[in-house]
Novice: 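Can you read through this structure? Questions will come right after.
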Amino acid sequence: MSSEPTWTGEVPVERPGRARLWWEIAIVLGLSLGQSAIYAIVDIVDKSTRSQALADQVAQVNPSQSSRELFDVVYQVLGNLFPLFAVALVIFLLWQPGRSGFRRIGLDATRPWQDLGRGGLLFLVIGIPGILFFALTRVLGITVTVEASSLTTHWWTVPVLILAALRAGLQEEVIVVGYLYTRLRQLGWGTWTIILGAAVLRGSYHLYQGFGPFIGNAVMGVVFGWCYTRWGRTMPLVIAHVVIDIVSFVGYPLAVAWWPAIFA
């Protein structure tokens, strides 16, 4: 029998224990991506109510933190490491006697080649069409100019962007999929209610980039969520997400140079 985690095997908790789970979810999201979603919603309202067109406004994803190179790299590293404590927190919360939080959500190295293959497939299915969809929404004027890597080029720029991609992949897939799916399943939610609800959350914290990224990331959330309910593993999702972000962050200067009318 396969040792791969079965997501549908999560048993709903009894009613007295549900209030505690709701509080736990609220605290986790308030400390992490739920907080980001609130800020992003306020930000898009701010942007949408200005006289300047949405397409003419700018959002920076990896902005420089200091004019002094040494402090810039220190701030960048710290800014990408500290959010991972929320990832560590949810893995700790999911830990069970005899079953680690890593194993419970499939964030381990027990199936490396299968995870790499599935992650690569997701990159092709989501990553490439996602970039094209982003370009389309820029043309339609519903997405701001997103500076995916506005760091001044230093020897450490690419490593820091890779670290940012790793942080985003772990943060989003472990918290929004691995943790949230498990807890909502324990609360008795149905599969598609969870998939759609988590997809809306994923889109919401990207709203600061405009309505296009909201739609694109919500669709990504549906596909990734569906895959998780079939595979019971977050590792392929993390791999795909990290690769997508590395291509987006590191490849941004090339995109600006080649298609300035769209990306600049």
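Because the structure is a prediction, the values reported are computed rather than measured.
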Novice: Quick check: closest heavy atoms across Thr191 and Arg185, and the distance to 0.1 Å?
Specialist: OG1-NH1, 3.1 Å

Novice: Are Val42 and Val200 linked, directly or through intermediate hydrophobic residues, by side-chain heavy-atom contacts shorter than 4.5 Å (ILVMFWY only)?
Specialist: no

Novice: Quickly, which of Thr234, Ile91, Ile25 forms a side chain to side chain contact (heavy atoms under 4.5 Å, CB included) with Tyr179? Name it, please.
Specialist: Ile25

Novice: Per the salt bridge (charged side-chain N to carboxylate O under 4.0 Å, His left out) rule, what does the pair list look like for residues 28-42, sequence neighbours excluded?
Specialist: none

Novice: Could you pull out all residues at least two apart from Tyr39 that satisfy side chain to side chain contact (heavy atoms under 4.5 Å, CB included)?
Specialist: Gln35

Novice: Using the test side-chain hydrogen bond (donor to acceptor under 3.5 Å, both in side chains), find all partners of Gln186 that sit at least two apart in sequence or belong to another chain.
Specialist: Arg183

Novice: Do Asp43 and Lys47 meet the salt-bridge criterion of a basic N to acidic O distance under 4.0 Å?
Specialist: yes

Novice: Which pairs of donor and acceptor atoms, one on a side chain in residues 163-173, lie under 3.5 Å apart (sequence neighbours left out)?
Specialist:
from, atom 1, to, atom 2, distance (Å)
Arg167, NE, Asn80, OD1, 3.1
Arg167, NH1, Gln171, OE1, 3.2
Arg167, NH2, Asn80, OD1, 3.3
Glu172, OE1, Tyr205, OH, 2.9
Glu173, OE1, Arg202, NH2, 2.9
Glu173, OE2, Arg202, NH1, 2.8
Glu173, OE2, His241, ND1, 2.6

Novice: What pairs with Ser204 under side-chain hydrogen bond (donor to acceptor under 3.5 Å, both in side chains), at least two apart in sequence or on another chain?
Specialist: none

Novice: Show me, pair by pair, the donor-acceptor contacts under 3.5 angstrom made by side chains of residues 15-23, not counting sequence neighbours?
Specialist:
from, atom 1, to, atom 2, distance (Å)
Arg18, NE, Val13, O, 3.3
Arg20, NH1, Glu24, OE1, 3.4

Novice: Taking only residues two or more places apart in sequence, or in another chain, which ones meet Ser100 in a side chain to side chain contact (heavy atoms under 4.5 Å, CB included)?
Specialist: Trp95, Phe102, Arg103

Novice: Would you mind writing out the side-chain donor-acceptor pairs for residues 214-226 within the sub-3.5 Å range, not counting sequence neighbours?
Specialist:
from, atom 1, to, atom 2, distance (Å)
Asn217, ND2, Pro213, O, 2.8

Novice: Identify, with sequence neighbours excluded, every residue that meets ring-ring contact (aromatic ring centres under 6.0 Å, His included) alongside Phe85.
Specialist: Phe82

Novice: Looking at residues at least two apart in the chain, or sitting in another chain, which of them share a side-chain hydrogen bond (donor to acceptor under 3.5 Å, both in side chains) with Arg50?
Specialist: Asp46

Novice: Under the side-chain hydrogen bond (donor to acceptor under 3.5 Å, both in side chains) test, which residues partner Ser32, sequence neighbours left out?
Specialist: none

Novice: Please enumerate all residues that pass salt bridge (charged side-chain N to carboxylate O under 4.0 Å, His left out) together with Asp115, with sequence neighbours excluded.
Specialist: Arg233

